[in-house]
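In this chain, residues are counted from 1 in sequence order. Ligands are counted one by one from 1 in listed order, and the atoms in each one are counted from 1 as well.
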Amino acid sequence: MASSFKLPNISTPLPIPTRKSRLSVAVVASSNGSLKHHGTPGLRIAFQGSTGAYSEFAAKTACPDCTTVPCRSFADAITSVERDRADRAILPVESTLEGTTLRNYDLLLQHDLSIGQEISLFVHYCLLAMPGVREAELRRVISHPMALAHCGRALSRLGLHGEPVEDTAGAVEMLRSGRMLDTAAIASPRAASIYGLDVLAHGIQDENWNVTRFLILSKPQPHRTPVLPKSVNAKTSIVVAHRGGSMVVLLKVLSAFSSRSINLTKLEVNNPSLEGKGPVMILDVRGRGTLRSFPHVLYVDFLGTVADPNVKDAVDEISAFSEFVRILGCYAADPNVYDLH
Ligand SMILES: O=C(O)C(=O)C[C@]1(C(=O)O)C=C[C@@H](O)C=C1
């Protein structure tokens with residue numbers, strides 16, 4: 001049965017990224033010029049990893065005055081917000097090299113947090129080693145699995161075996177504390193300077209255009225519609241769950257948006273059964289707060305807010321033919337890609 005669409009839980013809008021943060025972040029893409037820049041001192045943003053992780057840098061770029069809260073896992077970062085140990089959690093959700101990080105989307109779907117902000121970072125990877133260690137002395141490389149995957153060509157060229165650890169900065173910390181002289185880490189130049197390591201090679205990612213998009217999540221504030229400044233382009237993220245053939249639903253979803261001239265910025269089918277995996281679990285935040293399972297879902301991001309009747313009509317139409325629709329958040333679309341210098 002189709003779920004009826006109601007206005008979603010939407011969090012208070014989060015601070016919009018500054019073009020140049022205290023960390024000397026250079027904005028590479030041009031700003032649309034309409035965003036206001038401000039920070040929220042004292043805001044605590046939970047991230048997965050150790051100080052110096054890319055996620056931490058993304059949080060600091062999005063909100064320069066925030067305090068970052070390191071967590072062991074992305075799930076812990078979410079729990080920190082649920083238990084009021086942090087105000088926000090930041091999750092990487094897609095990268096140009098690997099596509100959508102489905103594991104983090106699963107977390108997003110299984111918890112009652114809303115997306116309040118997005119930020120995209122150029123991710124430049126460096127090969128780091130203990131001071132004085134030369135490339136020829138290296139036997140292995142440790143890093144976050146995503147970083148190892150993004151630097152596959154460099155690893156083969158070096159003839160080095162990659163071993164996954166929790167996060168990029170955690171790998172650097174391990175080198176430092178274990179005084180590992182035969183091991184390198186893949187991490188950011190910022191992590192190298194925080195932990196006092198040498199950078200043996202810069203920009204070792206397989207592709208130059210290596211961008212990771214992060215979402216900043218907060219507890220939803222019930223019955224609040226987004227209060228986004230008029231000058232800001234709003235973006236909404238939804239998940240659409242269905243049981244029938246995903247192609248039919250896909251076409252219907254496209255038609256609901258195209259007939260109203262609503263621009264999509266993301267459209268992805270997640271059908272885990274194709275890889276022999278279990279169903280997608282989604283927390284029904286509007287119903288009994290239970291986890292519901294669906295064989296496949298669509299992730300859709302589009303420009304606009306549900307406060308706009310045209311957008312609301314589109315979502316109502318989708319709700320009428322699908323099994324379940326959840327609004328994941330409505331936030332300021334950020335056209336920039338930020339760079340780490
Ligand atoms: O390990 C880190 O530094 C992270 O912030 C995590 C993470 C990820 O999970 O994708 C973030 C961005 C980079 O693509 C590599 C790793």
Would the Phe294 and Phe324 ring centres measure less than 6.0 Å apart?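 Phe294 vs Phe324: aromatic centres under 6.0 Å.
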Using the benzene-type ring in the case of Trp, are the ring centres of His242 and His296 under 6.0 Å apart?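 Yes: the rings meet the under 6.0 Å criterion.
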Nearest protein heavy atom to [atom], by residue and atom, and its distance?
atom: atom 2 (C) of ligand 1; value: Thr168 OG1, 3.3 Å
atom: atom 12 (C) of ligand 1; value: Tyr54 CB, 3.8 Å
atom: atom 6 (C) of ligand 1; value: Ser55 OG, 3.8 Å

Please determine, by modelled atom types, if Ser73 and Gln48 share a side-chain donor-acceptor pair under 3.5 angstrom. no
Is any side-chain heavy atom of Val81 closer than 4.5 Å to one of Lys219? yes
Only heavy atoms count here, so choose which of His144, Met146, Glu98 is nearest to atom 9 (O) of ligand 1.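 Considering heavy atoms of His144, Met146, Glu98, the nearest to atom 9 (O) of ligand 1 sits in His144.
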Identify, by atom number and element, the atoms of ligand 1 in contact range of [X], meaning under 4.0 Å from any of its heavy atoms.
X: Ala53; result: 2 (C), 3 (O), 5 (O)
X: Thr212; result: 14 (O)
X: Asp167; result: 1 (O)
X: Phe74; result: 9 (O)
X: Tyr125; result: 13 (C), 14 (O), 15 (C)

Proximity flag Gly49 to ligand 1, non-hydrogen atoms under 4.0 Å: no
Check ion pair Lys266-Glu94 (N to O, under 4.0 angstrom):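 Yes.
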Check this for me, if you would: do Glu118 and Lys235 make a salt bridge, where the nitrogen-to-carboxylate-oxygen distance has to be below 4.0 angstrom?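 Between Lys235 and Glu118 there is a salt bridge, with a charged N closer than 4.0 Å to a carboxylate O.
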Tell me every residue that passes side chain to side chain contact (heavy atoms under 4.5 Å, CB included) with Asn210, counting only those two or more places apart in sequence or in another chain.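 Result, side chain to side chain contact (heavy atoms under 4.5 Å, CB included) vs Asn210: Thr96, Leu97, Val123, Tyr125, His150, Gln205.
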